[in-house]
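Below, chain A is the first sequence line, B the second, and so on; all start at residue 1. Remember, predicted model here, so these are calculated numbers, not experimental data.
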Protein chains: 2
Amino acid sequence: MSTINDVSKLAGVSKSTVSNVFNNTKYVSEEITDRVLKAAQELNYYPNKLATGLANKKTYMIGLFLENLGEFRSMHHQIIEGVAMKLNEFNYNVILYIDRDNEKIPKGAKLRIEPIDGAIILDPEIEDIRIKDFVSSGTPIVLVGKAPKSYENLSSLDVDNIEIAYSATKMLIKNGHEKIAFINSKPNLTITSDRLKGYIKALSENQIDFEPSYIYNCDNTIIKAKKLAGSILEKGEFSAIITESDVVALGVYEEAKSKGINIPGDISVFALGGMDYFLTPEVSRVVVDYKKLGEAAAKQITMIIDNNQQSSNLILNEYKIIKTGSVGQVSIR
Amino acid sequence: MSTINDVSKLAGVSKSTVSNVFNNTKYVSEEITDRVLKAAQELNYYPNKLATGLANKKTYMIGLFLENLGEFRSMHHQIIEGVAMKLNEFNYNVILYIDRDNEKIPKGAKLRIEPIDGAIILDPEIEDIRIKDFVSSGTPIVLVGKAPKSYENLSSLDVDNIEIAYSATKMLIKNGHEKIAFINSKPNLTITSDRLKGYIKALSENQIDFEPSYIYNCDNTIIKAKKLAGSILEKGEFSAIITESDVVALGVYEEAKSKGINIPGDISVFALGGMDYFLTPEVSRVVVDYKKLGEAAAKQITMIIDNNQQSSNLILNEYKIIKTGSVGQVSIR
DNA sequence: CTGTTAGCGCCTTCAC
DNA sequence: GTGAAGGCGCTAACAG
């Protein structure tokens, strides 16, 4: 590997001139610029990023922090993809930090020494040691997913879960459904309460009483979904079910099939959140473009770092509702 | 951020002593060690990774290179996860480089200047510019997925696709199937020919003639799968179908359903490669632990870097065959 | 406009 | 056993 020194010698100029040529930091005559460039090419020279980083106190690396959720969900992959590709576009590198469950950041409070200019943190937690550490060390942060109240002053990015649940519920109501069961995500997550808000909003806008017993909670596994679906379907009380994800919807499907219940004839199903393309049966659902979310996060962190933008809280509204045969119309009330 | 200088002053020792304490590189008396450690703690000092890297010519970062396949497959996610978590364990960081399709490494031949000690490259290509560049710059590489012949001397890691296809086919044969259609992956991929080898091997071991017209090719999209399945099912010639993935298997399922063909009554279905948990209907399939593959790759690259291990070609045999209701027994021949 | 000089923070001989 | 000095490769004043 050749260094700036080699180039300066070959070109017969000083190191700083070479540096200036490469960084456009000062005017250098065209002739000398040419000589430098030629020498650099001949020596196959490229600036050493570590040295540059050390001198500039800037690494051009962003940490992307996420938790290994056991089953790493599709949403995360899309975000990772969006973040990495966008950041690469901006000439930043992405360092991936995946925590183990319940083992939050093995390196303890040493995060601040990671060679990064900023951090993107997925699914921040109420008492997030990573955030604490970055805040105290002044590292710029972007939070993806609902930001805990205690960190409202930080930049964050999320999809509009209230709006999504609202739209979904409204769509069902438009189709004549009133008794709508809601298998929501795990309790005490912000996303869960947001979804509930959207659900309630749609009901009340349509003068339908909210019935708390219609609300269930479930995590994203097909086994639990089936079990829960069993008891819900047995009640025979509902004309539609909203589920927290397509995986849960599949559980409902399976359970319905084994009970001889027809979808959408007997009950309609709508999923909040889908993994898109490979589903069968195709359930009505809302699909969020998480890759775009990742891209937006990437853009946000670079804006903070490079244009020292103030912190901002973005709510992305990029989703679409896909209505398939899983939702039917209720004509007789 | 405090530096080694601050610590040395506070502790009343020289910089090199502090360095020695932190790196166990020379004996330092217990008393002084204590003083240094205490000073470091008080100042919240940690070595600057960039400076360390510059001085050591080692960055403790590994590049993980992959291509954005449009639909980023689950296999990739598992590998990423395995690589990142394992490498973190070894105190390495992972930098994620995701190429756009057909835009192989935008940075051209500048890869060598990435601040990495080694590279893990997923799905290497015959003429892989990334590999070329790393080889010429002496950067250690581990290839994940079938390594092109031209790079056989490099370390690589793959699952045993011959064996997998062989086992799958054998299982079907054991269940009485002889006319087995094979929807293989895209032609001219090594995995495709390996799978074919395994398929043929199982046939010939059981004295079943290989019939080339039983072989089809399909990429991993449900639409194409359905179309292809349509023509295969119409032939009515087969008692079983092996598909290249569970997505393709789903296409077969859907097509069968719309044609009133019963699985496994009329035809059995087996998928080579599965996304596991969220499938419905549950298709018989082979599941490969790609996370382990990623972990193994991580281990391999660190062995090369830290213990300058010779290059090695590992074939991982961690898969399991899951037989569900999608495969039936053929009794009458 | 160009070159000299002094760091960035750390590691590592090499004397003491 | 410990410390002083030089260097990793680059950038940023500051002179010239």
Calculate the interatomic distance between A:Y27 atom OH and C:dT2 atom C1'; express it in whole Å. 12 Å
Distance check: side-chain N/O of A:T17 vs OP1/OP2 of C:dG3, anything under 4.0 Å? yes
For B:D123 and B:L66, run side chain to side chain contact (heavy atoms under 4.5 Å, CB included): C-alpha distance rounded to whole Å, both residues' side-chain angles, the deciding distance at 0.1 Å, then the answer. CA-CA 7 Å; B:D123 301 322; B:L66 44 101; over 6 Å; no
Rounded to the Å, how far apart are B:D6 CG and C:dG9 P? 9 Å
Angle between the end axes of the helix from C:dC1-D:dG16 to C:dC16-D:dG1, five pairs per end, to the nearest 10 degrees? 40°
Atom NZ of B:K57 and atom C1' of C:dG9 are separated, to the nearest Å, by 16 Å
For B:L50, answer base if it contacts any base atom (sugar-phosphate contacts may also be present), sugar-phosphate if it contacts only those atoms, and nothing otherwise; contact means non-hydrogen atoms under 4.0 Å. nothing
Quick one: is the NZ or CZ of B:K132 closer than 6.0 Å to the six-membered ring centre of B:F134, and within 45° of its axis? no
What is the distance, rounded to the nearest whole Å, between atom CZ of B:R35 and atom P of D:dG1? 17 Å
Do the side chains of A:E89 and A:K86 get close enough for a salt bridge, i.e. N-O under 4.0 angstrom? yes
Would you call A:K299-A:D306 a salt bridge at under 4.0 Å N-O? no
Of the listed C:dG9, D:dT2, C:dG3, the closest approach to the B:S29 side chain comes from D:dT2
Salt bridge present between B:R130 and B:D128 (N-O < 4.0 angstrom): yes
Return the value, rounded to whole Å, for the distance between atom CG of B:L43 and atom P of C:dG9. 14 Å
Grab the CG-C1' distance between A:L54 and C:dA6 for me, whole Å please. 14 Å
Mark yes or no for whether A:D117, through its side chain, and A:Y60, through its backbone, hold a donor-acceptor pair below 3.5 Å. yes
Can the ring centres of A:F22 and A:Y46 be said to be less than 6.0 Å apart? no
Roughly, in whole Å, what's the span from CG in B:N24 to C1' in D:dT2? 16 Å
Counting distance only, does the side-chain N/O of A:Q300 pair as donor-acceptor with the main-chain N or O of A:S312 below 3.5 Å? yes
Where along nucleotides 10-16 of chain C does protein come under 4.0 Å, by heavy atom, of base (B) or sugar-phosphate alone (S), with - for untouched nucleotides? BBBBB--
Side chains of A:Y319 and A:N161, donor plus acceptor under 3.5 Å: no
